[in-house]
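Here the structure comes first, spelled out in structure tokens, and everything after it is commentary.
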Amino acid sequence: MGELAIETVNLTKVFGSFKAVDGVNLRIEEGVIFGLLGPNGAGKTTTIRMILGLLKPTSGYVRVFGIDVEKRRREVLRLTGYMPQHFSLYEDLTVEENMRLYASLYGMGRAEARRRVEELLEEFMLTEYRDRLAGKLSGGTKQRLALAVALLHRPRLLIVDEPTAGVDPPLRRYFWEKFRELKEEGVTILVTTHYMDEAEHCDRLALMSRGRVVAEGSPLEIKRMAFGGDFLELEVEGDPAPVLEEVGAKVVDSEVTGDFVRVRLLVPDAADYLAPLTRELERRGIRVIRAYPVSVSLEDAFIKLTAPIEAEAVAGCRR
Amino acid sequence: MSALTALIIKDIKQLLRDPKSFFMVLMMPTMVMAMFVMGYGETRGAVPIAVVNLDGGVVSWQLIEALKNSGNFKIVRYAPTKELGVELVRRGEVYAALIIPEGFSECVLEGRSTQLVTVLDSAYATVSELVWEAVVVAVQGFLRMAAERYGTFNIDVVKETVYGPKVSSVDLFTSVVMGVLLHLVPMSLIAVSISRERERRTFEQLIMTPISSGHIVLGKLLAYSIVTVSDMLITLGIAVAILGVRVRGSLIDLTLVSLLLLICSLSLGLLISAVSRNQLQAYQTAIFLFIPSLLFSGFMTPVELLSPAARAFSKVLPLYYFLKAFKNIQLRGWGLGDVAWDCAALVVEAVAFLVAAVKVLRLRVE
């Protein structure tokens with residue numbers, strides 16, 4: 001278990017009478033890609049802003065690499081790169097001017113700044129746009145510039161807020177490749193998204209809904225949490241029920257066509273169950289025609305996990 | 001309901017629901033008028049003048065009594081010689097010196113014509129005008145009253161000015177124009193600078209770098225100083241080279257005083273910027289803060305004519321110190337040492353505004 005890159009304790013933010021973030025506890029280990037997942041208005045951006053010290057928490061606190069953000073924010077900033085949700089660089093400066101400005105603000109010397117800017121221009125395919133005003137760039141190029149600026153000072157932690165919102169598929173793929181490269185270099189990444197397919201790329205996820213973390217774990221763990229296990233599907237000739245009962249697999253759905261039975265099972269772990277279960281059925285003389293794990297999407301898991309909360313909230317409004 | 005009525009109602013609702021517009025519409029006129037009444041209402045200030053009584057006779061004291069009753073000015077000094085009276089005007093201690101010549105009483109008693117010399121400060125034309133008129137009126141009143149007692153005689157009121165024969169209106173307005181240009185323009189320009197960064201979201205990225213609020217405030221102050229100082233030089237240049245404005249003192253001194261006001265205005269603008277949430281609010285605040293300067297800095301009416309409360313208020317306005325120092329250098333030919341207090345006041349205010357701006361500016365996005 002590595003060092004904690006981010007630790008939030010009972011993080012809460014209240015705007016007027018609205019609880020945007022409600023007692024969020026996160027422990028993000030160094031070197032992982034951590035996804036903060038949730039619909040718009042779930043409190044993802046507010047959480048991130050509190051982690052960065054851009055908002056003052058109503059209660060609770062944040063530590064980044066063990067440093068208290070409230071008290072020693074500047075130290076945290078040297079270790080942290082941030083790419084906000086909306087383009088936040090100077091549109092009336094050129095690509096290079098923006099990068100040079102930020103290099104100076106991070107305290108780089110002239111020679112070092114020049115070297116680093118050239119490096120990033122190259123890496124993010126920005127060289128041809130270096131003299132163009134940032135305001136005149138296309139959406140995708142702006143995003144690349146924003147990421148390049150966030151990485152100028154070689155942060156150990158990169159926080160990106162919805163980096164792929166409104167970005168075309170090739171660039172989305174490019175971004176995720178970058179994130180993986182950075183992870184290889186040991187950078188911890190905290191990323192928010194509401195694209196479920198993207199969330200699959202994360203090592204760990206926290207699902208947020210109405211200001212609260214409703215589930216946390218790897219994508220697989222979250223799916224298991226939502227449904228209570230993995231799904232398997234079997235097509236057999238004969239009656240599998242006694243065997244299934246013995247091994248403790250729960251039948252979710254079944255369909256009988258003559259001698260053939262198709263069942264959908266819920267088991268604690270698909271990989272552990274598939275082979276032994278098939279062997280046992282064959283041993284009892286039940287012919288297994290097909291056996292395969294059923295993949296569920298994170299989206300299904302997400303809806304399952306958040307449905308009770310949403311329903312409660314709706315009921316609460318009606319009351 | 002027609003589309004137009006619907007739109008009108010919608011706009012009225014919006015105006016009333018936005019606290020800032022509401023403030024602008026209803027509170028601002030009330031407050032400005034309150035300020036106006038406070039400064040220009042019943043209790044007026046009086047112009048300080050000096051009297052040189054070379055005669056010393058009974059009639060001369062009767063004349064002085066009549067002048068006192070006119071109420072527009074206040075005799076603050078009695079000087080023994082004409083030279084001393086003129087010197088008081090020159091030093092700016094009084095706006096005028098009234099000189100009653102030797103043998104004044106005798107002339108009146110014998111029914112001969114005599115004189116009353118009024119030495120005016122042409123650097124302050126409005127005040128001079130006022131004093132002159134008041135003296136003429138007071139003398140006329142005195143003549144009517146004295147005619148019953150001493151028979152017919154005549155007093156010529158003679159006008160003399162220090163600082164040359166005449167100060168043209170261009171000369172007089174230079175300080176005012178420079179004051180507006182160096183106060184309102186830089187102040188409102190820089191007032192929107194930080195809120196613009198907030199609105200365009202660049203603030204969010206900027207404050208992710210390890211800089212302090214002092215960096216932001218000083219960075220903006222210096223950048224805007226460098227840009228607006230050219231404005232200042234152009235205005236002053238045009239005034240002197242093209243309009244032929246007369247400058248009795250040193251041009252370098254004038255430039256220095258102007259630079260101080262410029263920095264003070266920018267500092268005040270930065271304070272506005274640090275507390276404002278958006279550009280519109282910042283603009284409105286800058287304009288709102290300019291109104292007291294307009295009324296009480298000596299911009300329209302000499303500060304001496306304001307009520308005591310308003311006069312005390314003038315002392316916090318940067319423009320008050322600037323106008324005083326600028327006029328004294330330009331029209332009276334004073335040196336930088338003579339206006340050191342005014343310069344010091346500008347520096348103190350600038351520093352106070354800057355410190356407040358740094359303290360108030362929060363490096364957060366709330």
Side-chain angles (χ1 to χ4, degrees), chain A residues 13-16 20 45-46 48-58 69-70 72-93 98-99 101-108 134-135 142 145-153 155 157-161, chain B residues 17-20 22 188-228 230 269-270 273-283 357-366:
Chain A
K13 181 71 188 180
V14 181
F15 294 114
T45 300
T46 307
I48 276 186
R49 285 178 163 173
M50 283 193 282
I51 291 172
L52 294 166
L54 289 170
L55 285 178
K56 188 180 158 65
T58 308
V69 172
E70 183 86 21
R72 292 153 69 195
R73 179 160 182 263
R74 271 208 238 181
E75 288 170 55
V76 171
L77 295 182
R78 292 193 183 277
L79 302 171
T80 314
Y82 172 48
M83 179 178 158
Q85 192 172 357
H86 302 277
F87 187 72
S88 300
L89 296 169
Y90 295 95
E91 301 213 328
D92 37 12
L93 295 184
N98 266 299
M99 294 176 80
L101 165 71
Y102 275 91
S104 306
L105 294 179
Y106 280 114
M108 285 183 208
K142 275 186 181 171
L145 173 60
L147 185 57
V149 167
L151 293 172
L152 261 171
H153 57 303
L157 168 67
L158 175 67
I159 297 186
V160 276
D161 194 4
Chain B
R17 280 177 198 173
D18 173 32
K20 274 136 226 154
F22 185 74
S188 48
L189 194 67
I190 206 169
V192 298
S193 62
I194 295 174
S195 35
R196 182 167 51 220
E197 294 230 21
R198 283 188 197 277
E199 270 177 46
R200 293 189 184 167
R201 303 178 206 272
T202 53
F203 198 66
E204 186 168 354
Q205 189 83 62
L206 185 67
I207 60 174
M208 280 306 299
T209 61
I211 54 171
S212 65
S213 55
H215 278 111
I216 296 179
V217 167
L218 281 182
K220 293 217 181 282
L221 175 73
L222 293 176
Y224 280 74
S225 299
I226 290 165
V227 173
T228 48
S230 57
L270 272 168
S273 205
V275 296
S276 298
R277 296 213 153 257
N278 54 52
Q279 293 188 60
L280 182 68
Q281 201 185 336
Y283 245 127
V358 171
K359 291 268 176 244
V360 165
L361 182 62
R362 289 273 153 269
L363 300 185
R364 298 192 195 275
V365 294
E366 279 160 285

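Naming convention: chains lettered A, B, ... in sequence-line order (proteins, then strands); numbering from 1 in each chain. Note that the structure is predicted; figures quoted are calculated from it, not measured.
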Counting heavy-atom pairs under 4.5 angstrom with chain A, the leader among B:T202, B:I207, B:I211, B:V365 is B:T202

The reported gap from CE in B:M208 to CG in A:L52 (rounded to nearest 0.5 angstrom) is 4.0 Å

Out of curiosity, A:R73 CZ to B:R364 CZ, how far, rounded to the nearest 0.5 Å? 7.5 Å

Indicate the atoms forming the closest heavy-atom contact of B:P210 with A:L105, along with that distance. CD-O, 3.9 Å

In the structure I gave you, are the side-chain heavy atoms of A:N98 and B:Q205 within less than 4.5 Å of one another anywhere? no

If only side-chain N and O atoms count, and only distance matters, is there a donor-acceptor pair under 3.5 Å linking A:Y82 with B:E204? yes

Rounded at 0.5 Å granularity, tell me how far OH in A:Y90 sits from CD in B:E197. 3.5 Å

Looking at A:K13, A:E91, A:H153, which makes the most heavy-atom pairs under 4.5 Å with chain B? A:K13

Is atom CZ of B:R201 surrounded by more than 12 heavy atoms (other residues, nucleotides or ligands) closer than 6.0 Å? no

